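A short write-up of the structure that comes next.
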Number of protein chains: 2
Amino acid sequence: MNEAVVLTSERILEVTEDVLRRYGLAKATVVDVARALDVSHGSVYRHFPSKASLREAVAKRWLERVSRPLAQIAAEPGPAPAKLERWLRELFDAKHKRVCEDPEMFATYLTLAREACAVVKAHKQELISQVEGMIAEGVAQGAFDVADPKIAAAAIFDATRSFHHPAHADEWADCTCSTRVDAVLTLLLRGLAAR
Amino acid sequence: MNEAVVLTSERILEVTEDVLRRYGLAKATVVDVARALDVSHGSVYRHFPSKASLREAVAKRWLERVSRPLAQIAAEPGPAPAKLERWLRELFDAKHKRVCEDPEMFATYLTLAREACAVVKAHKQELISQVEGMIAEGVAQGAFDVADPKIAAAAIFDATRSFHHPAHADEWADCTCSTRVDAVLTLLLRGLAAR
DNA sequence: GCGCTGACAGATTTCAATATCTGTCAGCAC
DNA sequence: GTGCTGACAGATATTGAAATCTGTCAGCGC
């Protein structure tokens, strides 16, 4: 009963990421993954019903690595405005770092995400509800003046797309980027603030 | 001297748009354009040094059809906040209409624009400076409280990307879209407002 | 029984031959 | 002289045959 050699979904996902990194998205096949795991490709299909579902699971893992640390920030106590700002900056940082440190792998994950549209939708909803929580908190603290925290959260998400949506990743290397982040955050926090 | 049959750059551009509409971006060739104009393809190359420059000119025309009516709004007299809101809504409407009424042609123009990156950059700068003008006006009127109109204009542009950047066009048909536009505009105008 | 293998059919991708297009230019027509 | 044509070379796209991959499943080994 050696744990290390048991074939689990988790192990398949890890090796799949390696294979994607090594071969690139276009060339990585299920056969390659099976070879890297030293099993037949039929075995992989015992854990994932299709190549698409395997890719979807890889995308999900990737998105969870973004949303988990953010959930932690959202759960912390303290004044909502500062927390919201920190949360947003952390989100932007996480994305910007990923694209800067390994642009190829970012492109790979991006394509995976495009294919796994349902997973991305759930991820977006998760992030928006974290924001909603912080805005509701701010309202309770008397710091924010907002009619509907749900709608305001969606608005914050929409208004910061330039800095977290991968379609704009090519601008994230721009040297004016941090100034632009500051300007948008200032505008939005002023817009939320009670007066 | 029949004006109608003289081969001008303008006439080539018009016919090129027709050809793009008829054949689609991938299949439209310079030979097709020349055939539609009833001249040899060599003649087209007297007016445009390359296929790329012809496509660029088509993209430029398209973008100008967006920015011209907006410039008119920006030039009107009146209170800046209402004008800025009207300007932004007009921008969103113009884009949304284009994608709804003819999605195929929108996709064509989008690809042209991607190839003509310099033209798009200039278009963005043009739009941002129109916004800058309105913000400066608002500051002069005492309606806006903003340190640097240039930076604020860029921030307004960034914060409204969801509704004017073609990467998000697939969301513009969403029924919640108009609510989301309202929410973001409310937030941004509150953020700009003097208090 | 349970999990894995590997042969298989149909779908997809690759590759090289073939066809078409881009961009040039000598020469023709006005 | 001016502006257009159409043949041409090199670049790019298309096509169809061959190779590879995906997803299934009967059967093997534990």
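Quick caveat: nothing in here was measured; it's all calculated off a predicted structure. A, B, ... follow the sequence lines: proteins, then strands. Residue 1 opens every chain.
Side-chain contact annotation: Glu104(B) with Tyr109(B), donor-acceptor N/O pair under 3.5 Å absent.
In this structure, Asp38(A) does not pair ionically with Arg35(A), as no charged nitrogen and carboxylate oxygen lie closer than 4.0 Å. Classification of Arg190(B) and Asp145(A) as a salt-bridged pair holds, one side-chain N sitting under 4.0 Å from a carboxylate O.
For Lys150(A), the salt bridge (Lys or Arg N to Asp or Glu O under 4.0 Å) test picks out Glu132(A), with sequence neighbours left out. In this structure, the salt bridge (Lys or Arg N to Asp or Glu O under 4.0 Å) partners of Arg68(B), at least two apart in sequence or on a different chain, are Glu64(B).
Put simply, the residue from Leu127(A), Val58(A), Val119(A), Leu112(A) that forms a side chain to side chain contact (heavy atoms under 4.5 Å, CB included) with Leu63(A) is Val119(A).
Of all the heavy atoms in Ala80(B) and Phe144(B), the pair that sits closest is CB-CE1, 4.1 Å.
When atom types are taken as modelled, the side chain of Thr160(B) and the backbone of Phe163(B) share no donor-acceptor pair closer than 3.5 angstrom.
Taking the ring centroids of His165(A) and His165(B), they lie at or beyond the 6.0 Å cut-off.
Against DNA chain D, the stretch residues 13-23 of chain A makes no heavy-atom approach under 4.0 Å. Across residues 27-38 of chain B, Thr29(B), Val30(B), Val31(B) each have a non-hydrogen atom less than 4.0 Å from an atom of DNA chain C (numbered order). Within residues 40-53 of chain B, the residues approached by DNA chain D to less than 4.0 Å at the level of any non-hydrogen atom are Ser40(B), His41(B), Gly42(B), Ser43(B), Arg46(B), in residue-number order.
The aromatic rings of His164(B) and Phe92(B) sit parallel, their planes meeting at an angle under 30°, below the 60° perpendicular limit.
Nucleotides of DNA chain C that come within less than 4.0 Å of any heavy atom of chain B span, from the 5' end to the 3' end, dC21(C) to dT24(C).
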### Task
Decide yes or no on salt bridge (charged side-chain N to carboxylate O under 4.0 Å, His left out) for Glu85(A) and Arg89(A), but give the supporting numbers first.
CA-CA 6 Å; Glu85(A) 181 171 348; Arg89(A) 287 185 186 279; 3.1 Å; yes
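Following chains of ILVMFWY side-chain contacts shorter than 4.5 Å, one cannot reach Ile151(A) starting from Leu84(A), and the two form parts of different hydrophobic clusters.
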